[in-house]
Protein chains: 2
Amino acid sequence: MDPHLLRTYVTVARLASFSGAARELGYTQSAVSQHIAALEADLGLPLLARRPVAPTPAGERLLEHAGALLLRIDAARADLDRFAAAPRATLTVAASALALHPRVLAALPATGVTLRALDRDRVPGAVATGEADAGLVDGVAAPSDPLRLPDVAPFAATRVAEEPLAVVLPAGHPLAGRRGLRLTDLVDARWLDAPAAGIALDRLRAVHGGPAGRGFRAALRYEGSDPRALLALSAAGHGLALLPLPVAEGVPGAVTVPLVAPRLVHRTELLLPAAPAGQAEPGGRLGEFTRRLRG
Amino acid sequence: MDPHLLRTYVTVARLASFSGAARELGYTQSAVSQHIAALEADLGLPLLARRPVAPTPAGERLLEHAGALLLRIDAARADLDRFAAAPRATLTVAASALALHPRVLAALPATGVTLRALDRDRVPGAVATGEADAGLVDGVAAPSDPLRLPDVAPFAATRVAEEPLAVVLPAGHPLAGRRGLRLTDLVDARWLDAPAAGIALDRLRAVHGGPAGRGFRAALRYEGSDPRALLALSAAGHGLALLPLPVAEGVPGAVTVPLVAPRLVHRTELLLPAAPAGQAEPGGRLGEFTRRLRG
DNA sequence: CTCCGGCCATCAGGAGAACTGATGCCCGTC
DNA sequence: GACGGGCATCAGTTCTCCTGATGGCCGGAG
């Protein structure tokens, strides 16, 4: 299970080519072939079908592990590098689309900041590997529970903002007149599926707790990250959407109804590489930013 | 960041000795010394102080990463091995102390089962590395939220049981007459600190959401795993305890008051190595167990 | 104070791993 | 049926990594 072998394996799987992976990694094709053979011999399983090159079931499984593993290695290296490196002059913040809360915008220093918009699930990785100095992630959780984030490295997460959730319906929808809605009422409705911009359907199914795979059928799938696009789509009758109440309100053609059960909120969290016990507060622009966010 | 080097590093750190680690790992002392030197050169940081041998701050940090990393490597290997290996005749279940819910006990097959009691945070690792075929973990969470578990490998977690939480007070306690208690009322009380048996204090502080390190002061610390010991200690006035209501009730000398805010429950979850998409349900004793647990 | 013993660092040498380059083989394509 | 792209295999070389020996440092005992 040498990381080098894993790295070649994921590259081969991604490119579906031994010789392509060799070019990308700076090896000869022969070396790549030997890497894969060594991995397969080590695990005692075929990992790739040849001609065409594609992962076997076991290979698919290894891809999941390898991705997480390599990310964690990069994270560890980046984290240790922070011990030695001088603090950078410019602050890079990775943020998911709905995490740009007014409080965040107000706290950002006026100069020397790079703001990088990423998909929700890529923000922790960016902070862990040092691509960003801090992260802002949003998500849905119970009021007193932290967001569920992949733990690629030790993080310190602090709450930045919390808003109620609301269901967005087209104006003529039968449930549009309600004062509040329960998720149970909406299991059989058609939903917009927007993993990047809003709330993914599989997350809804998990929260709802019913039998896996049932309910919350997808209508249109939206692969962008703009919540206003979601609102417009919902108003046009392409499916329901679940969004933070302040974002969802006041859109022509759409009606916003607060979600009353289960008790869930939309929360934005600040993600920092966890300081070792007894470490000083961060200085420079990062310190400025975090103090203004908290204070 | 070679895993071999990390393995020797954690061993050296644990034994506080180069030559001791060499003996344990089957290397010469020279090799161990070179491993550490290579790691320190690679990261550009001193990791260990010599004479006495002890980790530097950077070394402490590396220990956190290395532990998680090595565990994940073992987990990946064990997971892939399951693809090849025949299903075992005997079923091993890892469980934390409070996860032995009556429903669980009823679902266990009559023969061929090994039940291994572990600390709460070691159960996921045991399932991931294949030491156990399934895990049962308990913990505190919001009613509709899954337990927070370290993701050393892809898991499938399903809810097994959920009970309200209750505060255990000695009979004469000023708050003993209440019908319900809020966590806020109890910030300044003295609590039993029992990471293995009950609910750890740092978890309480995190749930409460107040400033880090304040509140929920520790009285006696109990390092065993028997909840009845906790109850007895609480009845004797050694501090408050937070336990599932069914466990806490009916103990002489102690009063049980339900926790009403924040809305938290004690949940037991079944932990299985995540089946690859489209994989058949587990067979044999494991299939029998999971079906009875769910059905 | 000095000697001794334990412990880590360093060095040179050798076994083995790993990569390269050449060649062979298989399959899909024209 | 010939061709070509692409993976497997093999031999040779390079470089890595481990061993065994040696030296220096520190602490404890006499």
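Just so it is clear: chains get the letters A, B, ... in the order the sequence lines come, proteins before strands, and each one is counted from 1.
Using a 4.0 Å heavy-atom cutoff across all strands shown, B:V53 reaches sugar-phosphate atoms only and no base atom. Nucleic acid contact for B:S19: sugar-phosphate only, since backbone atoms but no base atoms lie under 4.0 Å from a heavy atom of the residue.
With distances taken from any side-chain atom of B:Q34 to the nucleotides C:dT20, D:dA21, C:dA12, the minimum falls on C:dA12. With distances taken from any side-chain atom of A:S33 to the nucleotides D:dC7, C:dC8, C:dT20, the minimum falls on D:dC7. Residue A:S30 has its side chain nearest to D:dT9 when only D:dT19, D:dT9, C:dC8 are considered. With D:dC7, C:dC19, C:dA12 as the candidates, the nucleotide lying closest to the side chain of A:A31 is C:dC19.
Map A:Q29 and A:L5 each onto its nearest nucleotide of DNA chain C; the residue landing nearer the 5' end is A:L5. Place A:T28 and B:F18 on DNA chain C by their nearest nucleotides, and B:F18 ends up nearer the 5' end.
Atom CD1 of B:I36 and atom P of D:dC18 are 12 Å apart (whole Å). Taking atom CG of B:L25 as the reference point, atom P of D:dC18 lies 11 Å away to the nearest angstrom. Here the C1' atom of nucleotide D:dC7 and the CD atom of A:E40 are 12 Å apart, to the nearest Å. Between the NE2 atom of A:H4 and the P atom of C:dA17 there is a distance of 17 Å, rounded to whole Å. A straight line from CG of A:D2 to P of C:dG16 spans 19 Å, rounded to a whole angstrom.
Listed for the B:E269 side chain is a donor-acceptor partner under 3.5 Å among the backbone atoms of B:L147.
Heavy-atom contacts from other residues, nucleotides or ligands closer than 6.0 Å to CZ of B:R122 number 12 or fewer.
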Could you walk me through whether B:R77 and B:D74 satisfy the salt bridge (charged side-chain N to carboxylate O under 4.0 Å, His left out) test, starting with their C-alpha distance in whole Å, then the side-chain angles of each, then the deciding distance to 0.1 Å, before giving a yes or no? CA-CA 5 Å; B:R77 147 146 275 125; B:D74 288 349; over 6 Å; no
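In plain terms, the two heavy atoms of A:A58 and A:P46 that are nearest each other are CB-O, 4.1 Å.
Phosphate contact (OP1/OP2 of D:dC18, side-chain N/O of B:H35, threshold under 4.0 Å): present.
A side-chain contact (heavy atoms from CB on, under 4.5 Å) with A:I36 is found for one member of A:L47, A:L5, A:V12 and no other, namely A:V12.
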